Amino acid sequence: MPVYRLLLRLFPPAFRRRFGDDMADLFADSRRRARREGAGAVARLWIHTVGDVARHALAERRHARHTSPVSGGPVWRSILQDVRHTGRGWRHRPGLTAVALLTLGLGIGANTAIFSVVDAFFVRPLPYPDAGHLVGLYSTNTHYPSDRSVETAADVQYWRDHATSLRALAAMSGGTVTLTGRGDPTPLRFVTTMPEFFEVVGVQPAMGRPFTAAEARADEHVVVISHGLWVDRFGATPTILGQPVRLGSVTWRVIGVMPAPFALPADVDLWMPFDLARALPDAWYLSAVGRLKPDVTVDDAQQDFDHMAAALAAGAPKTRKNRGFQVIRLRDDLAWGLAGGLTLLQAVVGVILLIACANVANLLLAQAVVRQREFGVRVALGATAGRLIRQLLTESLVLASGGALLGLAFAAWGVGLLASLAPPTVLRRSVDLRIDGPVLAFSVGLTVVTSLVFGLAPALLAVRSSRTAPLGHGGRSTAGLTWARHQRLRASLVVAETALAVVLLTGGGLLVRSFGQLMAQTPRLRTDHLLTALISLPAARYETATSRQQFFATLVGRLQAVAGARQVVASNGLPYSNWEWQSAFLVRGRTGHVASAGIREVSGGDYFEALGIPLLKGRSFAPTDDAAAPAVVVVSDVFAAQFLSGADPLGQAISLDRGKTWRTVVGLVAATRNLGLDEDLRAEMYIPLVQDLAPPATMLIAVRTTADPVGFGPPLRATVASIDPDLPVQALKTMDQLIGQTVADRRFFMTLLACFAGLAALLAATGLYGVMSFLVGQARRDIGIRIALGARPAQVQRALLAKALAVVGVGLGLGLLGAWWLASLLASQLFRVTAHDPVTLVSVSGLLLVAAVVACWLPSRRSLHVDPAIVLRVE
Amino acid sequence: MPPRISIDAFLPLKPVAFQILMSLADGERHGYAITQDIAGRTSARMRLEPGNLYRALRTMLDDGLIEESERRPAPDLDDERRRYYRITALGRRVAAAEVARLELVVAEAKTKKWLRAR
């Protein structure tokens, strides 16, 4: 909305006062309608709107001028005159103006869109009072300096008793819980947190009240819910307070609703009481947020926490030697891990804007040559150099503003696109991207700077040449010196934009190559026709090992009977599911060798056959491997290579309980991955679920289907409901989707960067085309003379092409140097591709050269049709 | 005696102005309702953006074809801030004159052979 309000400023003030509100209303209605139709409709609306405002605001201004006395001093009036002059100029050169506007629009639009993300994380104040005093509190370990971890209750208690820098702190831990009794069972994110939480963040529930210390101590089932949950699930009923909600199998009472924008921690829907005194003291599961005392800085607080860490280490040197604490501004905490990528993207779009500026500067330089006569006339009529520069800069500013308006329309569309394309790991659901005050200020500032960058050089050159150009001539033949300067400046602009485009193309190319390498990895299992789901049994209702084993045995049995299921297995881990359990183990005969490896407990049919994991040696599990039978284990080839070095794995014995019981290795299978395609193959052990005394409560189900796996979702849900209607089926995904998810981040960054690189190349090629067209136009006389003297037209064309491509070659060389130097910035994003990958560098150079040849060749064809007789006669 | 305004000076009416007069002929409306009415009547062939609509309204207000209405629906039925417009007596006469003019044009056109339906 602020964008439209800004556009309305183009109308005369009186008109705006009279109709502005109604117009904004009308626009808001159209926008609501367009949003329902999708991003395309919104983009169309913005394009129509910009056109509508531009046309009618100008007309209204003209009308207002004729009906009211002219106001303002002479400077104001002469600037207005310049603006009007610019408008007339645009009408005479519609093609050039359109190219310049579009170029600037793309540049400013890309910058504005990316800055809206920067704004959401780093500029816009957090929606908490005095948010600068809010900090996140973490535990660190000198062994893993780039990492930070959650805290133990004992440490939090120590902070609470000893910290001098904090006014208050609140620890919390989160998870998901199932909302039942209201439509489909839905998993919701919750945190349990100390009653001080609301005091720390400084936000109280919009309705109702927070929970009290007494309620936390008494472990009362009271809950504060998010505004979103209240609206979505409770129809925003005003009588929500005191109402019961069923979470899992427990009934809670709603005592408060948080205000709409409140989202701390991100995407949480439920806040429940937590009593620090009753927490497990030494388990690492708490995160904490604190509020600094009024005159304390983050650095002061860090010192305070360093002192506490030192005091604790002095008391227990053995266990606490490497441990420390970290105090981090809450804003930085929320944007953790994002700053690097964002800086890179902002730099990339900045480069695109530079290329756009170089392009427009080149176009204006071309114009300056054409308009030399006009400037000469104005100087002869008494215009001062300052007046001329002001006119040209006004023209640039008007041009940049036009580009900025177009850019805002692009940005409004781009922001929507960003929000919908970004995977949730990059942009959380609660991040609100919008074009607000700071973003607008950014683009206005950018517009002014941009207009200076592309406008100053042409303006200065125009003024200089207007002094030397006599009135009677077209100018160029006598103003040789200035002409040469023009040419040099234009050539260096082409060199610069070519070099910048090469750098961006190399970056984009490296990411594309690296993604190609990633997708070329074999997944190590059969991914087609495979549906997976996660089922988590609530501990309250499935307390015993047998009840859990029984549940999964029943589920697998019933699923196998459903039409469309070929094979069904259940396991506490599946490849690419990001669910993994590790277990320490001993190998018999290797004393002292304790190591840890991934462990998967499987039940149901043949796990390896069902998932398509090759069995290399021995056998898979059989139904006879039950609780009463001798304990068995299957290991992966990586496990065998790493821990059973060389010897035949079959028949060896492995213990998972420090040597109390031993399991015989009965099979060897191919290793898989757990997190993603970029991961190394893993050392894994597999055991039958029935042979574990403490089976996990959370299991993954995999169904190999006969038809489209997505179609098996409803029968799977129905089968689970037939056993336990309150149990949600979570993370229902096909194996292809699971693998797709693991590469979503890379795919997103690659797509963004590749698009920007493509845009840069396109802009550079456009610029080249413009320069070449102009060159051919200006060189008509030379060409005419040469042809008259007997040169063949094709020779002339070749000479022109060679001249242009020499300039491109210099740009390419510089660009490759820059790319070589800068590519290491991308190293962390690359997979099996070095930052100086020759394939990428060669293909980028090839691509750019092809584009350059086409961009130069098209206009150079015109030189073939120069008729020397005509050209020379005109001259 | 006020100078008599010549109706003919307004003719031919711009299509936008004519459509707005037709909308207001049925009763008072605010801007949004006018665009909806016109879009409905012309099967969305004429869509008015805010700039276009309000400039036309401003011109027509200045010309006295329409005026702002001091009446408005009960506050709970509508947005307080919205302005309502209604057609003036002059506006009705101009609209009628435009219809008569168009009828003449159409009748004339129909006598031409090349326009007749086969």
Side-chain angles (χ1 to χ4, degrees), chain A residues 1-34 36-37 40-68 402 405 408-409 412, chain B residues 9-10 13-20 23-24 28-73 75-86:
Chain A
M1 215 49 202
V3 180
Y4 191 70
R5 286 272 172 194
L6 196 82
L7 282 176
L8 282 183
R9 298 205 77 86
L10 291 173
F11 282 93
F15 186 89
R16 205 165 58 229
R17 272 195 298 279
R18 199 164 164 197
F19 300 114
D21 286 342
D22 284 18
M23 292 175 78
D25 260 9
L26 186 50
F27 174 75
D29 279 324
S30 314
R31 199 182 47 170
R32 255 196 300 284
R33 207 154 0 105
R36 277 200 296 274
E37 288 169 37
V42 175
R44 268 196 305 281
L45 174 69
W46 274 107
I47 290 168
H48 283 224
T49 302
V50 168
D52 171 63
V53 169
R55 206 146 53 93
H56 295 286
L58 271 180
E60 266 312 309
R61 289 232 172 234
R62 210 176 303 140
H63 171 82
R65 224 181 17 254
H66 290 313
T67 51
S68 61
L405 282 182
L408 280 178
Chain B
F10 292 106
L13 266 181
K14 284 191 179 159
V16 174
F18 185 54
Q19 290 292 351
I20 292 176
S23 276
L24 296 182
E28 301 173 7
R29 292 179 202 271
H30 52 64
Y32 180 63
I34 295 175
T35 60
Q36 289 304 95
D37 182 55
I38 293 180
R41 204 144 23 76
T42 63
S43 320
R45 271 193 302 276
M46 184 184 274
R47 274 198 182 282
L48 288 185
E49 314 288 349
N52 197 354
L53 172 71
Y54 282 95
R55 188 156 75 88
L57 287 178
R58 201 268 304 141
T59 315
M60 294 166 77
L61 283 167
D62 288 358
D63 290 347
L65 299 183
I66 59 172
E67 61 193 0
E68 256 181 59
S69 162
E70 59 282 1
R71 280 181 300 163
R72 55 173 65 252
D76 51 330
L77 282 182
D78 211 288
D79 187 341
E80 276 274 336
R81 295 170 308 168
R82 283 187 166 160
R83 287 158 196 263
Y84 280 71
Y85 303 94
R86 71 164 167 240

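Computed from a predicted model, the values in this text were never measured in an experiment. Residue numbers start from 1 in every chain, and the chains themselves are labelled A, B, ... in the order their sequence lines are given, proteins ahead of strands. Computation of the quantities below employed the complete heavy-atom set of this structure, encompassing side-chain atoms and omitting hydrogens, waters and symmetry-equivalent molecules.
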### Query
Does R33(A) have any side chain to side chain contact (heavy atoms under 4.5 Å, CB included) partners at least two apart in sequence or in another chain, and if so, which?
S30(A), R36(A), E37(A), Y32(B), Q36(B), R47(B)
### Message
Could you check whether any side-chain N or O of D22(A) sits under 3.5 Å from a backbone N or O of G31(B), counting only pairs where one atom can act as donor and the other as acceptor?
### Response
no
## Note on the structure
From the list T49(A), L26(A), V53(A), the residue making the most non-hydrogen contacts under 4.5 Å with chain B is L26(A)
### Summary
Sorted by chain and residue number, the ring-ring contact (aromatic ring centres under 6.0 Å, His included) partners of Y85(B) (sequence neighbours excluded) come out as none
### Contact residues of residues 49-57 of chain B (partner chain A; heavy-atom separation under 4.5 angstrom)
E49(B), P50(B), G51(B), N52(B), L53(B), Y54(B), R55(B)
### Message
As an exercise, state the distance from CZ of R58(B) to CZ of R18(A), rounded to the nearest 0.5 Å.
### Response
8.0 Å
### Query
chain A heavy atoms under 4.5 Å from I34(B): which part of the residue, side chain, backbone, both or neither?
neither
### Set of residues satisfying side chain to side chain contact (heavy atoms under 4.5 Å, CB included) with respect to R16(A), sequence neighbours excluded
L8(A), R9(A), P13(A)
